[in-house]
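Working notes, structure below.
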Amino acid sequence: MKKLAIATTIALATLSGCKTTTAYIDASDTSTNVVAALSYADFSKAANEMADDITNNKLMTHPQADVGGRYIVYVNDIENDTMQRLDTDQLTKSLRVKLLQSGKFLVTTAFGEDDATQKMRQLKDSKMVKKSSVKGDNQVLAPDFSLSGKILQRNSSLDNGDTRIEYYFQMTLTNIENGLAYWEGERVVGKVSDGSSVSW
(Lines give C-alpha, C1' and ligand atoms only; values in the text may rest on other atoms or scores of the structure.)
Protein backbone atom coordinates (compact mmCIF):
# COMPACT_ATOMS: atom_id res chain seq x y z
CA MET A 1 0.00 0.00 0.00
CA LYS A 2 2.87 2.30 0.89
CA LYS A 3 4.56 1.55 -2.46
CA LEU A 4 1.32 2.41 -4.30
CA ALA A 5 1.06 5.75 -2.47
CA ILE A 6 4.67 6.62 -3.36
CA ALA A 7 4.11 5.68 -7.02
CA THR A 8 0.97 7.79 -7.18
CA THR A 9 2.77 10.78 -5.66
CA ILE A 10 5.62 10.49 -8.19
CA ALA A 11 3.16 10.19 -11.10
CA LEU A 12 1.24 13.29 -10.00
CA ALA A 13 4.44 15.25 -9.53
CA THR A 14 5.62 14.24 -13.00
CA LEU A 15 2.32 15.23 -14.62
CA SER A 16 2.18 18.60 -12.89
CA GLY A 17 5.76 19.31 -13.97
CA CYS A 18 4.77 18.79 -17.64
CA LYS A 19 1.64 20.91 -17.39
CA THR A 20 1.10 23.24 -20.35
CA THR A 21 -0.64 26.51 -19.65
CA THR A 22 -3.11 28.09 -22.04
CA ALA A 23 -2.72 31.73 -22.95
CA TYR A 24 -4.23 34.22 -25.36
CA ILE A 25 -2.22 35.34 -28.38
CA ASP A 26 -2.68 38.15 -30.85
CA ALA A 27 -3.83 36.15 -33.88
CA SER A 28 -3.11 39.10 -36.17
CA ASP A 29 0.52 39.38 -35.03
CA THR A 30 2.80 38.21 -37.83
CA SER A 31 6.01 38.61 -35.81
CA THR A 32 5.39 35.69 -33.43
CA ASN A 33 3.99 32.18 -33.67
CA VAL A 34 5.07 31.86 -37.30
CA VAL A 35 3.99 28.62 -38.94
CA ALA A 36 4.79 27.18 -42.36
CA ALA A 37 1.11 26.97 -43.27
CA LEU A 38 -1.10 29.99 -43.85
CA SER A 39 -2.37 31.48 -40.60
CA TYR A 40 -5.15 33.86 -39.61
CA ALA A 41 -2.57 36.66 -39.52
CA ASP A 42 -1.62 35.94 -43.15
CA PHE A 43 -5.25 36.04 -44.29
CA SER A 44 -5.97 39.17 -42.28
CA LYS A 45 -2.93 41.06 -43.55
CA ALA A 46 -3.59 40.20 -47.20
CA ALA A 47 -7.31 41.03 -46.95
CA ASN A 48 -6.73 44.33 -45.16
CA GLU A 49 -4.09 45.53 -47.62
CA MET A 50 -6.12 44.58 -50.71
CA ALA A 51 -9.34 46.06 -49.33
CA ASP A 52 -7.48 49.30 -48.62
CA ASP A 53 -6.15 49.31 -52.20
CA ILE A 54 -9.68 48.91 -53.58
CA THR A 55 -11.09 51.58 -51.30
CA ASN A 56 -8.37 54.08 -52.26
CA ASN A 57 -8.69 53.40 -56.00
CA LYS A 58 -10.18 56.50 -57.65
CA LEU A 59 -12.02 54.33 -60.17
CA MET A 60 -13.97 52.81 -57.28
CA THR A 61 -15.51 56.09 -56.14
CA HIS A 62 -19.20 56.11 -57.07
CA PRO A 63 -20.16 59.12 -59.24
CA GLN A 64 -22.89 59.97 -56.72
CA ALA A 65 -20.74 59.34 -53.64
CA ASP A 66 -21.45 62.84 -52.32
CA VAL A 67 -25.13 61.89 -51.90
CA GLY A 68 -24.50 58.38 -50.58
CA GLY A 69 -23.99 56.50 -53.84
CA ARG A 70 -22.11 53.21 -53.37
CA TYR A 71 -21.09 50.45 -55.74
CA ILE A 72 -22.47 46.97 -55.08
CA VAL A 73 -19.82 44.24 -55.01
CA TYR A 74 -20.30 40.49 -55.36
CA VAL A 75 -17.46 38.50 -53.79
CA ASN A 76 -16.87 35.19 -55.56
CA ASP A 77 -15.41 32.06 -54.00
CA ILE A 78 -11.62 32.23 -53.89
CA GLU A 79 -9.83 29.40 -55.72
CA ASN A 80 -7.41 27.40 -53.59
CA ASP A 81 -4.34 26.38 -55.59
CA THR A 82 -2.18 25.45 -52.61
CA MET A 83 -1.14 22.16 -50.99
CA GLN A 84 -3.36 22.95 -48.00
CA ARG A 85 -7.02 22.38 -47.31
CA LEU A 86 -7.91 26.04 -46.85
CA ASP A 87 -11.18 27.61 -45.86
CA THR A 88 -10.96 30.49 -48.31
CA ASP A 89 -14.14 31.95 -46.78
CA GLN A 90 -11.76 33.38 -44.19
CA LEU A 91 -10.29 35.64 -46.87
CA THR A 92 -13.59 36.55 -48.55
CA LYS A 93 -15.23 37.35 -45.22
CA SER A 94 -12.36 39.64 -44.21
CA LEU A 95 -12.53 41.41 -47.57
CA ARG A 96 -16.28 41.89 -47.33
CA VAL A 97 -16.08 43.26 -43.81
CA LYS A 98 -13.38 45.76 -44.76
CA LEU A 99 -15.22 46.90 -47.90
CA LEU A 100 -18.46 47.40 -45.98
CA GLN A 101 -16.76 49.21 -43.12
CA SER A 102 -15.15 51.63 -45.57
CA GLY A 103 -18.60 53.10 -46.24
CA LYS A 104 -17.89 53.19 -50.00
CA PHE A 105 -19.42 49.85 -50.96
CA LEU A 106 -22.38 47.56 -50.47
CA VAL A 107 -21.85 43.79 -50.68
CA THR A 108 -24.54 41.52 -52.07
CA THR A 109 -25.01 38.02 -50.67
CA ALA A 110 -28.14 37.27 -52.71
CA PHE A 111 -26.33 35.25 -55.38
CA GLY A 112 -24.80 31.99 -54.24
CA GLU A 113 -23.82 32.40 -50.63
CA ASP A 114 -27.15 33.22 -49.00
CA ASP A 115 -30.09 31.67 -50.82
CA ALA A 116 -32.58 33.10 -48.31
CA THR A 117 -33.34 36.02 -50.64
CA GLN A 118 -34.67 33.62 -53.25
CA LYS A 119 -36.23 31.15 -50.82
CA MET A 120 -38.22 33.80 -48.95
CA ARG A 121 -39.95 34.86 -52.16
CA GLN A 122 -41.27 31.32 -52.53
CA LEU A 123 -43.31 31.92 -49.38
CA LYS A 124 -45.92 33.70 -51.47
CA ASP A 125 -47.31 30.23 -52.19
CA SER A 126 -47.43 29.30 -48.49
CA LYS A 127 -50.80 29.24 -46.71
CA MET A 128 -49.05 29.94 -43.42
CA VAL A 129 -47.47 33.28 -44.39
CA LYS A 130 -49.26 36.60 -44.78
CA LYS A 131 -48.92 37.41 -48.49
CA SER A 132 -48.46 41.15 -47.99
CA SER A 133 -45.38 40.49 -45.82
CA VAL A 134 -43.56 38.50 -48.53
CA LYS A 135 -40.88 40.54 -50.29
CA GLY A 136 -41.77 41.24 -53.88
CA ASP A 137 -40.11 40.48 -57.18
CA ASN A 138 -38.06 43.05 -59.09
CA GLN A 139 -36.50 44.37 -55.85
CA VAL A 140 -33.08 42.70 -55.50
CA LEU A 141 -30.22 44.85 -56.77
CA ALA A 142 -27.68 43.28 -59.10
CA PRO A 143 -23.99 43.90 -58.38
CA ASP A 144 -21.87 46.47 -60.21
CA PHE A 145 -18.60 44.63 -59.62
CA SER A 146 -17.40 41.07 -59.14
CA LEU A 147 -14.38 40.32 -56.95
CA SER A 148 -12.62 37.05 -57.75
CA GLY A 149 -9.23 35.52 -57.14
CA LYS A 150 -7.04 32.64 -56.09
CA ILE A 151 -4.33 31.66 -53.63
CA LEU A 152 -1.27 29.91 -55.05
CA GLN A 153 1.63 28.17 -53.33
CA ARG A 154 5.16 27.72 -54.62
CA ASN A 155 7.83 25.75 -52.71
CA SER A 156 11.54 25.77 -53.50
CA SER A 157 14.47 24.05 -51.78
CA LEU A 158 17.38 26.12 -50.50
CA ASP A 159 21.02 25.06 -50.48
CA ASN A 160 21.01 24.56 -46.70
CA GLY A 161 18.09 22.11 -46.86
CA ASP A 162 15.44 24.62 -45.78
CA THR A 163 12.29 25.20 -47.80
CA ARG A 164 11.21 28.57 -49.12
CA ILE A 165 7.41 28.78 -49.25
CA GLU A 166 5.62 31.56 -51.11
CA TYR A 167 1.88 32.15 -51.05
CA TYR A 168 0.39 34.44 -53.67
CA PHE A 169 -2.94 36.14 -53.00
CA GLN A 170 -4.24 37.33 -56.38
CA MET A 171 -7.50 39.27 -56.76
CA THR A 172 -9.35 40.97 -59.62
CA LEU A 173 -12.28 43.40 -59.42
CA THR A 174 -14.29 43.35 -62.65
CA ASN A 175 -16.87 45.87 -63.78
CA ILE A 176 -19.84 43.64 -64.68
CA GLU A 177 -21.28 46.16 -67.13
CA ASN A 178 -18.27 46.32 -69.44
CA GLY A 179 -16.13 43.35 -68.36
CA LEU A 180 -13.09 45.52 -67.61
CA ALA A 181 -10.84 44.95 -64.62
CA TYR A 182 -10.95 48.15 -62.56
CA TRP A 183 -8.48 46.84 -60.01
CA GLU A 184 -6.05 43.95 -59.67
CA GLY A 185 -3.90 43.17 -56.70
CA GLU A 186 -1.35 40.64 -55.53
CA ARG A 187 0.14 40.07 -52.10
CA VAL A 188 2.96 37.60 -51.47
CA VAL A 189 3.51 35.93 -48.11
CA GLY A 190 6.97 34.34 -47.97
CA LYS A 191 8.26 31.95 -45.32
CA VAL A 192 11.34 29.82 -44.76
CA SER A 193 11.13 26.63 -42.76
CA ASP A 194 13.42 23.69 -42.10
CA GLY A 195 13.06 20.61 -44.26
CA SER A 196 11.07 18.74 -41.60
CA SER A 197 8.25 21.31 -41.51
CA VAL A 198 5.24 20.83 -43.72
CA SER A 199 2.96 23.49 -45.17
CA TRP A 200 -0.20 21.41 -45.58
Look up atom [atom1] in [X] and atom [atom2] in [Y], then write down how far apart they are to the nearest 0.5 Å.
{"X": "I176", "Y": "D144", "atom1": "CD1", "atom2": "CG", "value": "7.5 Å"}
{"X": "I78", "Y": "S148", "atom1": "CD1", "atom2": "OG", "value": "7.0 Å"}
{"X": "Q153", "Y": "Y168", "atom1": "CD", "atom2": "OH", "value": "11.0 Å"}

Please report, to 0.1 Å, the donor-acceptor pairs under 3.5 Å made by any side chain of residues 53-60, with sequence neighbours excluded.
residue, atom, partner, partner atom, Å
D53, OD2, R187, NH2, 2.6
T55, OG1, A51, O, 2.8
N56, ND2, D52, O, 3.0
N57, OD1, L59, N, 2.9
N57, ND2, Y182, O, 3.1

Mind checking side-chain hydrogen bond (donor to acceptor under 3.5 Å, both in side chains) for [X] and listing every partner two or more places apart, or none if nothing turns up?
{"X": "T172", "result": "E184"}
{"X": "N76", "result": "S146"}
{"X": "T61", "result": "K104"}
{"X": "R164", "result": "E166"}

Counterpart residues, side chain to side chain contact (heavy atoms under 4.5 Å, CB included), relative to [X] (two or more places apart):
{"X": "L100", "answer": "V107"}
{"X": "N160", "answer": "L158, D162"}
{"X": "Q101", "answer": "V97"}
{"X": "D87", "answer": "D89"}

4.5 Å side-chain heavy-atom contact, [X] and [Y]:
{"X": "F111", "Y": "P143", "value": "yes"}
{"X": "V75", "Y": "K93", "value": "no"}
{"X": "V189", "Y": "K45", "value": "no"}
{"X": "Q90", "Y": "L38", "value": "no"}

- List the steps, then state whether side-chain contact (heavy atoms from CB on, under 4.5 Å) holds for R96 with T109. CA-CA 10 Å; R96 284 166 43 194; T109 59; 3.4 Å; yes
- Okay, side chain of Y71, backbone of F145: is any donor-acceptor separation there less than 3.5 Å? no
- Item | Step-by-step side-chain contact (heavy atoms from CB on, under 4.5 Å) determination, R70 to H62 | CA-CA 6 Å; R70 291 176 284 180; H62 195 280; 5.5 Å; no
- What's in the same ILVMFWY side-chain cluster as I72, cut-off under 4.5 Å, chained through other members? L106, L141
- Item | Atom of E177, atom of N175 and distance for their closest heavy-atom approach |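 Heavy-atom minimum between the residues: N-OD1, 2.9 Å.
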- Item | Minimal non-hydrogen separation, N80 against T82, with atom names | OD1-OG1, 2.7 Å
